[in-house]
Every structure is written in structure tokens, then in C-alpha cells.
Colleague: 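One structure, pasted below without further comment.
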Amino acid sequence: MPIELTSRRAENSRPVTIVAAEALAKSVIDDSALRWSRENGFDGQAGRVLVVPGADGRASGALLGIGKSAPAEAALLTGSLASDLPEGNWHFADVPERVELAMQGLVMGGYRFTRYGAKPGNRVRFAVPEGASKGEIERIADGVALSRDLINTPASDMGPDALEAAVEKLARSHKAQVSVIGGETLLKKNFPMIHAVGRAASQAPRLIDMQWGPKSAPKVTLVGKGVCFDTGGLDIKPSSGMLLMKKDMGGAANVLGLASMLMTSGIRMRLRVLIPAVENSISGDAFRPGDILQSRKGLTVEIGNTDAEGRLVLADALAYADEEKPDLLVDMATLTGAARVALGPDVPPFYTDDEALVSELVTASQALADPMWRLPLWRPYEKGLCSRIADLNNVTSNGFAGSVTAALFLSRFVEKAESWVHFDIFGWNPAAKPHSPVGGEAQCIRTLDEVIRTRYGR
């Protein structure tokens, strides 16, 4: 990353002054910097960075505008510094109001995906102010970077084999255990829907299972959709619909980023991560519209559309996770376009009947500027998933409330978990923000990290 955190301020470090909208005159800057700011039309506009020259023509400091943003949103505007500051040593002139979040925003804004030759950008060294922990900042930023890296990697290098290797690598770093059920063994072990969705691909479908922590600790299970590429199957997507389908394993990427955060924190918990890793491909062995699939839970599912495959692989994985009666069961998936129509790319909907969990998630989400929005598990819509010949269909016929009905479908496979929450994420930034460039994105996992550690970390 272009941002290197330092525990101490270097002697030649230059200050960054935070300026609210229309508060330039009240800022603690000298007259020369004030004149330079006015000549450049700078008056604290949100996310704008103005580098201030010294007498020798070199940068002597910088100003960061935060506009009229609320404290949490203002903190993440520090991400603009990662791309706009010249190389060298920097520090905040005054400790930001939300100092640790501000430092997280700075480091997340410095993320660059360089695997295929993109330039990393300026190398900026930034001193960690009082009130912030270098270890905590890096713990969160590393989890976010892991999620982004996995999503940004194209399917040519991030198929089920590579996704399994990524889990193995993370597990080795934390002495976690990994087991994998793959290929025809999925049928023998009763994961028929994972097998059906992935059997047409050149790389075998599999269920990846990572476990960490003492068995006697509170049990938190994360399930992530790992569809490494989605053609739509026989209900094939148009070419435009496939352009971003390398991100269809964004749920898996996000739960792995969250798992990294939790394990690095050292929290005492029994963490389990389940990833059904498949490609939804087309061949003579592809599953078909109208097929009836058996599921691990025993429910039969009529296939109304092969492009609604994510809920099928999640259903088998959720049923398996549910058998252990976890204290908290979280699933994350790039599941429906309907969620994006309803709330856009930045605000993932979540679904749960646990009212206490809703309150905890909303509070943490607002405090961390990590947006999400609760949508209802509206039970009357379940009738849209009815089938005349099977227990349920994987899609509705009317097209209404697609994200809600997908969540309702998944809810049929969870009954024993103490608490369950489903996130329908996008996993992608179509437009750059100060703390997040265009590309793969970690959504909701900073909030989940906070809630899980607060709930179970005592």
C-alpha cells in the first residue's frame, strides 16, 4: 500500500490540517497558506486536498477539506490524502475527531491492486496520532485489502482451485484447520445443490470449511457465496451482464476478510467459515431450467432460472452450518440485482429476525460509516416461491421483491441457529470514493467485526 504507518513523527514530517466547510479563516494556518488557499478556491470542500508550498517551493503542508460531513463520514475522507499527498513524511496537525477511523480511511484509501502491473502510487509515510492503535488500524485495513484483492482477481486466476488456495493461505497464517469436500464426494456427503451448480465447469465444485479457535467458545459461522464466475448457466447472461462476474465470489471474499480481522484480533471464539466454491458454467452436464434438485436439508427445489444459482449453493452450505446450532450464522453473497435496483451499489440490504442484532448492526454501521439497510423478511411473499411439483422454486414468476424473496428462500434452510443474518452485497465500487478506489470492495465487514467482537469477545 502507498500508506506506511509510523509510530513516531519524523523530524521532517509535514502537517495535514483538517478544514470544515467555510472554516478556512478559523484554521490554524499562517497567512501565506491562507492566501494560497483562497487563490486556489479552497474552502474546506469535502474530500479536497490542497498541498501548500513553502518558501523553497517544496510542499510545507497540506489541507484536507471535510465539508459539512458527519463525524464518521468526515473521518473516511482522509482517504483522499493517500492519492493526493506528495511522497514523504506526514502527520495530522491536530488529532482528528474520530482518530482511529480517520487512520483506517487513510490506509484504505491507499489500497492499490497491482498484481497485473498497475502502479502503486506515491509512497506516503504517516505518523499514527495519539488515541489510535497502529495494530488495530492495520488489522482492519488488511482484512479490507484481502477482500478487495480476491474480488479484483479475474476468474482466470481465481477459480475454485485458487479460492481454496487463498483459504489455505489465510488458515496457515492463523493456525486454522481447513477441510474440503469436492467433486463427486459432494454427492456422497449430501451436498447435491453445490454439485449440481458447479458440475459443468472444468474445475470441480467444492465446499471449503475453515475452523479456528477453541470448541468451547461461542460459535460464529460465516458462509460466503463463492461463485468464481457466473455465466448464468443455460439461462445465459448477455455479454454486458458477464463483465463483472469475476466478483460473484464477493461473498466469499468478504467473509474471508472478516475472518482475517477476527482471527488477528485474538478474540476467544469458535470461528467457522464455509465457502461453496463453484463456477456456473455451460456444458452438456449443466443443470437445466425445470430440473428438480435435491438439497442437503431434504427440500426439493425446482429450477426456474439457472442464473439464480447463488442461493442454491448457499442453501446447502447454510443447512450444513445450521446443523451445529451456531450462536451466530452470517451469510454474505452478491445475490441479486434487485438489491442494487432498490438501494444502489453502496448500501447493501440485510435481513434478520433478531431485533437485538438489528440494533447492534445499525449502531455500528453508523459509527463506522459502513452503510447497510435492513429490509424485511416479508413472509407473505414466500408464496411466490411455490412449485407445483417440488417443495419450492428457486425464483418467483412475477419478478417482484427479488432480494426479499431470495432471502426468504435462504431462510427455509436455517432453523437451529440462535441468530441468522443475510447480507445481499454488491462487492464492487463503480465509482471511486476517498477511502475506496474503483473495483472490488469489502462491504459490511467492518461493522460485523465490531458487532461480533462486542457480542462474543467478553
Side-chain angles (χ1 to χ4, degrees), residues 108 111 113 115 143-160 162-164 166-167 170 197-198 208 210 222-232 237 241-261 273-280 307-314 317-318 330-351 370-373 402-403 406-407 410 421-431 433 436-449:
M108 289 190 296
Y111 170 84
F113 183 62
R115 176 170 177 173
V144 169
L146 174 59
S147 297
R148 290 172 173 176
D149 280 348
L150 292 171
I151 296 171
N152 283 328
T153 304
S156 55
D157 290 321
M158 189 49 63
L163 185 53
E164 179 183 331
V167 178
L170 179 63
V197 171
I208 307 166
M210 182 178 76
L222 312 176
V223 179
K225 175 186 170 185
V227 178
C228 295
F229 193 82
D230 181 19
T231 66
K237 296 177 183 289
M242 284 193 224
L243 283 175
L244 285 182
M245 281 302 99
K246 69 177 183 179
K247 79 171 185 66
D248 213 22
M249 40 65 70
N254 272 260
V255 299
L256 288 173
L258 175 57
S260 172
M261 293 177 184
V273 178
L274 289 169
I275 295 174
V278 302
E279 284 192 53
N280 187 20
D307 197 19
E309 84 299 330
R311 66 198 69 184
L312 301 175
V313 299
L314 282 174
L318 283 170
V330 178
D331 81 76
M332 307 189 81
T334 52
L335 205 61
T336 70
R340 259 47 70 196
V341 171
L343 298 177
D346 297 347
V347 186
F350 72 94
Y351 300 83
D370 187 17
M372 61 182 68
W373 197 266
S403 182
L410 295 178
V421 59
H422 160 62
F423 289 86
D424 189 344
I425 64 171
F426 190 48
W428 191 264
N429 287 316
K433 306 177 187 65
S436 52
V438 171
E441 183 58 306
Q443 294 185 300
C444 307
I445 64 174
R446 292 187 294 114
T447 292
L448 281 165
D449 169 77

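Since this is a predicted model, take the numbers as computed values, not measurements.
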Colleague: Heavy atoms only: give me the nearest Ala407-His422 pair and the separation to one decimal.
Modeller: CB-CD2, 3.6 Å
Colleague: Would you say the side-chain atoms of Arg446 pair up with the backbone N or O of Leu258, donor to acceptor, closer than 3.5 Å?
Modeller: no
Colleague: Any sub-3.5 Å donor-acceptor pair from Asn152's side-chain atoms to Phe113's backbone N or O?
Modeller: no
Colleague: How long is the gap from OH on Tyr351 to CG on Leu410, to the nearest 0.5 Å?
Modeller: 10.5 Å
Colleague: Sequence neighbours excluded, which residues qualify as salt bridge (charged side-chain N to carboxylate O under 4.0 Å, His left out) partners of Glu441?
Modeller: Arg148
Colleague: To check you understand the geometry: which heavy-atom pair defines the closest contact between Thr334 and Asp424, and what is its length?
Modeller: C-OD1, 4.3 Å
Colleague: Identify the two heavy atoms, one from Gly198 and one from Val278, that lie closest to each other, and give their separation to 0.1 Å.
Modeller: CA-CB, 3.9 Å
Colleague: Supply the atom-to-atom distance Ile151 CD1 to Lys246 NZ, rounded to the nearest 0.5 angstrom.
Modeller: 9.5 Å
Colleague: Verify, without hydrogens or angle tests, whether Asn429 (side chain) and Ala431 (backbone) share a donor-acceptor contact under 3.5 angstrom.
Modeller: no
Colleague: Do Leu163 and Leu256 make a side-chain contact, defined as non-hydrogen atoms from C-beta onward lying under 4.5 Å apart?
Modeller: yes
Colleague: Does any non-hydrogen side-chain atom of Val223 lie less than 4.5 Å from one of Val255?
Modeller: no
Colleague: Checking Met332 against Leu222 for the side chain to side chain contact (heavy atoms under 4.5 Å, CB included) test, could you report, in this order, the C-alpha distance in whole Å, the side-chain angles of both residues, the deciding distance, and whether it holds?
Modeller: CA-CA 8 Å; Met332 307 189 81; Leu222 312 176; over 6 Å; no
Colleague: Mind listing the closest non-hydrogen atom pair of Ile445 and Gly257 along with its distance?
Modeller: CD1-C, 4.0 Å
Colleague: To check you understand the geometry: which heavy-atom pair defines the closest contact between Thr153 and Asp149, and what is its length?
Modeller: OG1-O, 2.7 Å
Colleague: Within this structure, what is the CG-CG distance for the pair Asp157 and Leu150, rounded to the nearest 0.5 Å?
Modeller: 12.0 Å
Colleague: Return the set of residues passing salt bridge (charged side-chain N to carboxylate O under 4.0 Å, His left out) with Asp331 (not counting sequence neighbours), or none when no residue passes.
Modeller: none
Colleague: Let's go through Met245 and Asn280 carefully: what are the C-alpha distance in whole Å and the side-chain angles of both, what is the deciding distance for side chain to side chain contact (heavy atoms under 4.5 Å, CB included) to 0.1 Å, and is it a yes or a no?
Modeller: CA-CA 10 Å; Met245 281 302 99; Asn280 187 20; over 6 Å; no
Colleague: Rounded to the nearest 0.5 Å, how far apart are CE of Met372 and CG of Leu448?
Modeller: 5.5 Å
Colleague: Can you give me the closest heavy-atom contact between Cys228 and Gly159, atom names plus distance?
Modeller: SG-C, 3.5 Å
Colleague: NZ of Lys225 to CG of Leu335: how many Å apart, nearest 0.5 Å?
Modeller: 5.5 Å
Colleague: Going through the distances and angles, do Lys433 and Asp346 end up as a side chain to side chain contact (heavy atoms under 4.5 Å, CB included)?
Modeller: CA-CA 11 Å; Lys433 306 177 187 65; Asp346 297 347; 3.2 Å; yes
Colleague: Side chains of Tyr111 and Val144, heavy atoms from C-beta outward: is any pair under 4.5 Å?
Modeller: no
Colleague: Show the numbers, then the answer: is there a side-chain hydrogen bond (donor to acceptor under 3.5 Å, both in side chains) between Asn254 and Ser147?
Modeller: CA-CA 5 Å; Asn254 272 260; Ser147 297; 4.6 Å; no
Colleague: Test Met158 against Lys247 for side chain to side chain contact (heavy atoms under 4.5 Å, CB included), laying out the working first.
Modeller: CA-CA 10 Å; Met158 189 49 63; Lys247 79 171 185 66; over 6 Å; no
Colleague: Holding to ring pair (Phe, Tyr, Trp, His ring centres under 6.0 Å), I want the full list of residues that pass it with Phe426, two or more places apart in sequence or in another chain.
Modeller: none
Colleague: Any side-chain heavy atom of Pro160 sitting closer than 4.5 Å to one from Glu279?
Modeller: yes
Colleague: Give, for atom OG1 of Thr336 and atom CZ of Arg311, the distance between the pair rounded to the nearest 0.5 Å.
Modeller: 7.5 Å
